[in-house]
Amino acid sequence: MIFLSTPKAYSSYNEPLIYVFDTESTAPRNVELKIKNKETGQTIGRKRLYGVTYGEVDIAPYLRSAAQPTLPDFVAENSVVETSAQIKVVVEAEGVSSPSRTFIAAKVDLTEPYTPLMTQHLKRTIDRDEFDIVSFFSLPDIVVRVVVEYLGSDSRQIAITPPSGGQRAVAVSARGMGNVDAMRVTIYVDGEAMTTIDYQLRENLAGARRLAWLNRHHAPELYTFPLRKSVLVESTRKYMESQWGREAAALEKHGELKLLSAYEPRAQIEAISEILHSTRVWLVKGNNMQHLSLHTDRVLTAPCGEMGIVEVDVRAAREGEEL
């Protein structure tokens with residue numbers, strides 16, 4: 001039993017991941033393949049082929065179930081964020097193991113050592129008490145450093161070095177950094193500046209709400225919607241049938257927000273509109289993440305030349321939670 005071919009490391013599990021094997025026998029037999037998490041030893045899935053001497057299996061569907069990109073309930077500023085966007089696996093059959101491979105959610109050009117995974121523009125506005133997340137892919141043989149500069153009378157900088165290789169995310173914030181007017185985040189790859197994001201620090205309006213979602217790369221994006229158009233509360237009474245007839249059983253209450261973005265350039269509008277396709281959406285409250293559901297099947301935009309506004313309706317994922 002040998003594996004004739006395996007996918008490249010850091011391929012996306014949102015694309016086919018084909019393993020090809022040969023039993024090295026002329027007599028057909030049944031073969032069971034196990035897909036295992038290399039780090040935990042957990043069996044992710046099994047595939048059984050009947051009467052074969054040669055075969056192939058696509059493990060991507062198993063990985064999509066096992067590795068689901070997300071955000072933690074609490075995010076510490078200026079730190080690496082675990083988004084569960086990658087998984088290291090081996091495939092075993094008849095006592096033979098394939099080489100271990102790490103696969104990621106994003107689809108990237110593996111001939112490039114570094115790929116930014118952010119879709120919003122690189123000039124952003126943020127409140128001093130908010131955090132943002134920068135995301136990227138890097139190959140394991142390079143060193144990536146995320147340098148955060150605070151610009152103002154209390155100028156200073158800090159550096160964060162994420163683990164080498166894979167799909168990574170780093171939270172950055174100006175919270176507690178004193179009298180600073182702006183923040184600049186630069187991603188260095190082997191000492192060379194590759195991506196720079198400039199933040200203007202500005203206090204939010206009272207009704208502003210900051211949302212987080214997963215973009216087309218399955219990487220986190222955050223944006224503060226400065227305007228809240230309305231707050232709706234929908235109540236639904238549940239009933240149960242009993243020997244005495246139909247009786248009230250419970251009252252469900254759901255809070256709903258209608259949020260409007262600032263006027264943004266077209267490219268930024270398109271980036272924010274990806275919230276509609278995200279598998280998960282969160283309301284960011286300080287450093288805590290509250291699960292939301294989108295209560296709309298479309299993103300409304302109000303174009304004005306090359307500028308536009310995004311309007312979305314969101315609802316708390318759990319009954320009774322306040323937005």
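When reading the values below, keep in mind they use all heavy atoms of this one structure, side chains included, and skip hydrogens, waters and symmetry mates.
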Apply side-chain contact (heavy atoms from CB on, under 4.5 Å) to L214 and W282, showing your working.
-> CA-CA 10 Å; L214 301 176; W282 297 265; 4.2 Å; yes
Could you give the distance from CZ (F225) to CG (L259), rounded to the nearest 0.5 Å?
-> 6.0 Å
Excluding sequence neighbours, so at least two apart, what forms salt bridge (Lys or Arg N to Asp or Glu O under 4.0 Å) with R145?
-> none
Between P7 and Y19, which heavy-atom pair has the shortest distance, and what is it?
-> CD-CE1, 3.4 Å
How would you list, by chain and number, every residue that makes a ring-ring contact (aromatic ring centres under 6.0 Å, His included) with F103, sequence neighbours excluded?
-> none
Report the residues that fulfil side-chain contact (heavy atoms from CB on, under 4.5 Å) with T53, sequence neighbours left out, ordered by chain and then residue number.
-> T23, P28
Would you tabulate the side-chain donor-acceptor contacts of residues 190-198 under 3.5 Å, counting partners in other chains and residues two or more places apart, or write 'none'?
from: D190; atom 1: OD1; to: V143; atom 2: N; distance (Å): 2.9
from: T195; atom 1: OG1; to: Y114; atom 2: OH; distance (Å): 2.7
from: D198; atom 1: OD1; to: R184; atom 2: NE; distance (Å): 2.6
from: D198; atom 1: OD1; to: R184; atom 2: NH2; distance (Å): 3.4

Closest non-hydrogen atom pair, L222 against A212 = CG-CB, 3.8 Å
Intermediate values then yes/no, salt bridge (Lys or Arg N to Asp or Glu O under 4.0 Å), E32 and K47 | CA-CA 6 Å; E32 183 181 68; K47 179 75 173 182; over 6 Å; no
Kindly indicate, with the supporting measurements, whether the criterion side-chain contact (heavy atoms from CB on, under 4.5 Å) is fulfilled by V170 and I133.
-> CA-CA 5 Å; V170 174; I133 297 179; over 6 Å; no
Does anything in residues 149-167 pair up under salt bridge (Lys or Arg N to Asp or Glu O under 4.0 Å), and if so which pairs, sequence neighbours excluded?
-> none
Partner of L17 under side chain to side chain contact (heavy atoms under 4.5 Å, CB included), chosen from I59, V57, V91 | I59
Looking only at side chains, do T6 and R101 share a donor and an acceptor under 3.5 Å apart?
-> yes
Backbone N or O of A219 within a donor-acceptor pair of the H217 side chain at under 3.5 Å?
-> no
Is there any salt bridge (Lys or Arg N to Asp or Glu O under 4.0 Å) pair reaching into residues 48-65, and which pairs are they, with sequence neighbours excluded?
-> none
What distance separates S11 OG from I18 CD1, expressed to the nearest 0.5 Å?
-> 11.0 Å
Any pair with a residue in residues 124-137 that passes salt bridge (Lys or Arg N to Asp or Glu O under 4.0 Å), sequence neighbours left out, goes on the list, sorted by first then second residue, please.
-> R124-D132, E130-R210, D132-R210
Candidate pair I158 and N78, rule side-chain contact (heavy atoms from CB on, under 4.5 Å), full reasoning = CA-CA 8 Å; I158 63 172; N78 299 327; 3.4 Å; yes
What residue pairs, at least two apart or across chains, pass salt bridge (Lys or Arg N to Asp or Glu O under 4.0 Å) with a residue in residues 76-99?
-> R29-E94, K36-E92, E77-R175
Scan residues 33-78 for pairs that pass ring-ring contact (aromatic ring centres under 6.0 Å, His included), counting only residues two or more places apart or in two chains.
-> none
Residues pairing under ring-ring contact (aromatic ring centres under 6.0 Å, His included) where one sits in residues 132-188, two or more places apart or in two chains, turn out to be Y10-F137
Does a donor on one side chain and an acceptor on the other come within less than 3.5 Å for N37 and Q42?
-> no
Evaluate the criterion side-chain contact (heavy atoms from CB on, under 4.5 Å) for residue pair I35 and T43; output intermediate values, then yes/no.
-> CA-CA 6 Å; I35 302 100; T43 297; over 6 Å; no
Could you tell me the separation between the CG atom of N204 and the CZ atom of R209, rounded to the nearest 0.5 Å?
-> 10.0 Å
Where is the tightest heavy-atom contact between I269 and G308, given as atom of each residue plus distance?
-> CD1-O, 3.2 Å
For V75 and A171 the tightest heavy-atom approach is CG1-CB, 3.6 Å
Here the pair of heavy atoms bringing L211 nearest to V284 is C-CG2, 4.2 Å
Gap between atom NZ of K285 and atom CG of N287 - 0.5 Å precision = 13.5 Å
Among all residues two or more places apart in sequence or in another chain, which pass the side-chain contact (heavy atoms from CB on, under 4.5 Å) test with H218?
-> N14, P69, A105
Nearest heavy-atom contact between L292 and A316 is CD2-CA, 4.0 Å
Just jot down the side-chain contact (heavy atoms from CB on, under 4.5 Å) partners of A271, sequence neighbours excluded, or say none.
-> T119, Q120, Q268
Can E311 and K258 be counted as an ion pair, charged N to O under 4.0 angstrom?
-> yes
Please round to the nearest 0.5 Å and tell me the distance separating atom OH of Y13 and atom CD1 of I87.
-> 7.5 Å
